[in-house]
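Step one of this worksheet: look at the structure below.
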Amino acid sequence: MAGPVLVIGATGTVGSRLVMELGRRGERVRGATRQPAAARRRSGDAAELVEFDFERPETFAPALDGADRVFLIARPGDEQADRVAAPLIDEMKRQGMRHVVNLTAMGVEMLDGMALRKVERHLEDSGIGFTHLRPNFFMQVFSGGPLLTDICSTGAIHVPRATLRPWPPRR
Ligand SMILES: NC(=O)c1ccc[n+]([C@@H]2O[C@H](COP(=O)([O-])OP(=O)(O)OC[C@H]3O[C@@H](n4cnc5c(N)ncnc54)[C@H](OP(=O)(O)O)[C@@H]3O)[C@@H](O)[C@H]2O)c1
């Protein structure tokens, strides 16, 4: 029998929807969070949750134990995502992980120095099966929270940006 899918960032905007969708498809899911007790209180169901903290490498092995697939995602705004993801990927390799779906960002394949690209390359070199997902925004970002308030009151989407440059950047 296949092991569970470990979903990193399971309590976040992206991960929580993924957990729901995988559950709907009958997959066994293990949600990773720094605070499983709080997440369990919020979700109010029998979701499998495990303690996981990028800053506490001792949580990696127990969180991965028995899982055969991982959804890997960086913390929002982590400009050194490779620092914490590399040892995690190394632990996945030690445990014989079958496949990692790795969410990075649109255009990172053209930015070798960027942390998310370094995560991609570490995964590519690991020998683990992988899929990189390189999205732009998801609509859920606009359907709640501060952006929705701004959109409703101004009729526009305002995004902080110092200069206008083409994206993805040209080589
Ligand atoms: N939302 C989008 O439209 C979008 C689009 C493209 C890419 N992304 C990328 O996807 C990632 C997640 O975005 P999101 O919108 O889902 O973020 P979010 O809603 O802010 O959720 C952040 C998640 O990160 C987890 N987290 C924070 N610090 C952690 C740590 N030290 N160790 C382990 N987990 C930690 C949180 O889990 P706990 O607090 O439960 O520990 C939470 O599940 C970001 O890198 C973002 O750039 C998002």
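When a ligand or atom number is given, it counts from 1 through the structure's own listing order. Excluded from the calculations below are hydrogen atoms, water molecules and symmetry mates; all remaining heavy atoms, backbone and side chain alike, are included.
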task: Would you please say whether a donor-acceptor pair under 3.5 Å links the side chains of Asp90 and His122?
output: yes
- request: Give the atoms of ligand 1, by number and element, whose distance to some non-hydrogen atom of Thr33 is under 4.0 Å.
  value: 38 (P), 40 (O), 41 (O)
query: To which of Pro36, Gly12, Ala105, Ala74 does the heavy atom nearest atom 45 (O) of ligand 1 belong?
result: Ala74
task: Report, in ascending order of atom number, the atoms of ligand 1 lying under 4.0 Å from any heavy atom of Val141.
output: 1 (N), 2 (C), 3 (O)
- prompt: In Å, rounded to the nearest 0.5 Å, how long is the span from CD of Glu27 to CZ of Arg25?
  reply: 8.5 Å
task: Among all protein heavy atoms, pick out the one at the shortest distance from atom 4 (C) of ligand 1; state its residue, atom name and that distance to 0.1 Å.
output: Phe138 CD1, 3.7 Å
- prompt: To which protein heavy atom is atom 31 (N) of ligand 1 closest, and what is the distance rounded to 0.1 Å?
  reply: Asp53 OD1, 2.9 Å
field: Closest to atom 28 (N) of ligand 1 (judged by heavy-atom distance), picking from Arg75, Arg42, Glu51, Gln35
entry: Arg75
field: Gap between atom CZ of Phe54 and atom CD1 of Ile73 - 0.5 Å precision
entry: 8.5 Å
task: Could you list the atoms of ligand 1 found under 4.0 angstrom from a heavy atom of Gly9?
output: 43 (O)
message: Does Glu79 have more than 12 heavy atoms from other residues, nucleotides or ligands lying within 6.0 Å of its CD?
response: no
- request: First locate atom CZ of Phe142, then atom CG of Leu148, and finally report the distance between them rounded to the nearest 0.5 Å.
  value: 11.0 Å
task: Report the member of Leu147, Leu49, Val84, Thr13 with the shortest heavy-atom distance to atom 14 (P) of ligand 1.
output: Thr13
- request: Using a 4.0 Å heavy-atom cut-off, say whether Ile73 meets ligand 1 through its side chain, its backbone, both or neither.
  value: side chain
- request: Check ligand 1 against Phe137 and write out every atom of the ligand that is under 4.0 Å from a heavy-atom position of the residue.
  value: 3 (O)
task: Consider every N or O of Pro135 and every N or O of ligand 1, then say whether any pair is closer than 3.5 Å.
output: no
query: Which atoms of ligand 1 sit under 4.0 Å from any heavy atom of Leu103?
result: 7 (C), 8 (N), 9 (C), 10 (O)
Over 12 non-hydrogen atoms of neighbours within 6.0 angstrom of CD in Glu124: yes
- request: May I ask you to test the Glu51-Arg34 pair for a side-chain heavy-atom distance under 4.5 Å?
  value: no
- prompt: To the nearest 0.1 Å, how far is atom 16 (O) of ligand 1 from its closest protein heavy atom, and which atom is that?
  reply: Val14 N, 2.9 Å
task: Answer whether the closest heavy-atom distance between the side chains of Glu55 and Arg83 falls below 4.5 Å.
output: yes
Glu58/Arg56 ion pair, N-O < 4.0 Å: yes
- prompt: Is it the side chain (CB and beyond), the backbone, both or neither of Ile8 that lies under 4.0 Å from ligand 1, heavy atoms counted?
  reply: neither
- request: Give the contacting part of Thr11 toward ligand 1: side chain, backbone, both or neither, where contact means a heavy-atom distance below 4.0 Å.
  value: both
query: Side chains of Arg121 and Asp112: closer than 4.5 Å at any heavy-atom pair?
result: yes
query: Heavy-atom distance to atom 46 (C) of ligand 1: which of Ala10, Ala38, Ala39, Pro76 wins?
result: Pro76
query: With respect to atom 35 (C) of ligand 1, which of Met139, Arg34, Arg56, Arg134 exhibits the smallest heavy-atom separation?
result: Arg34
- request: Considering the heavy atoms of Asn136, write down every atom of ligand 1 situated less than 4.0 Å from one of them.
  value: 5 (C), 6 (C)
field: atom 34 (N) of ligand 1: the protein heavy-atom neighbour that sits closest, reported with distance to 0.1 Å
entry: Phe54 CD1, 4.1 Å
field: Basic-acidic side-chain contact under 4.0 Å: Glu109, Arg117
entry: no
statement: Here the gap from Thr33 atom OG1 to Ile8 atom CD1, rounded to the nearest 0.5 Å, amounts to 11.5 Å
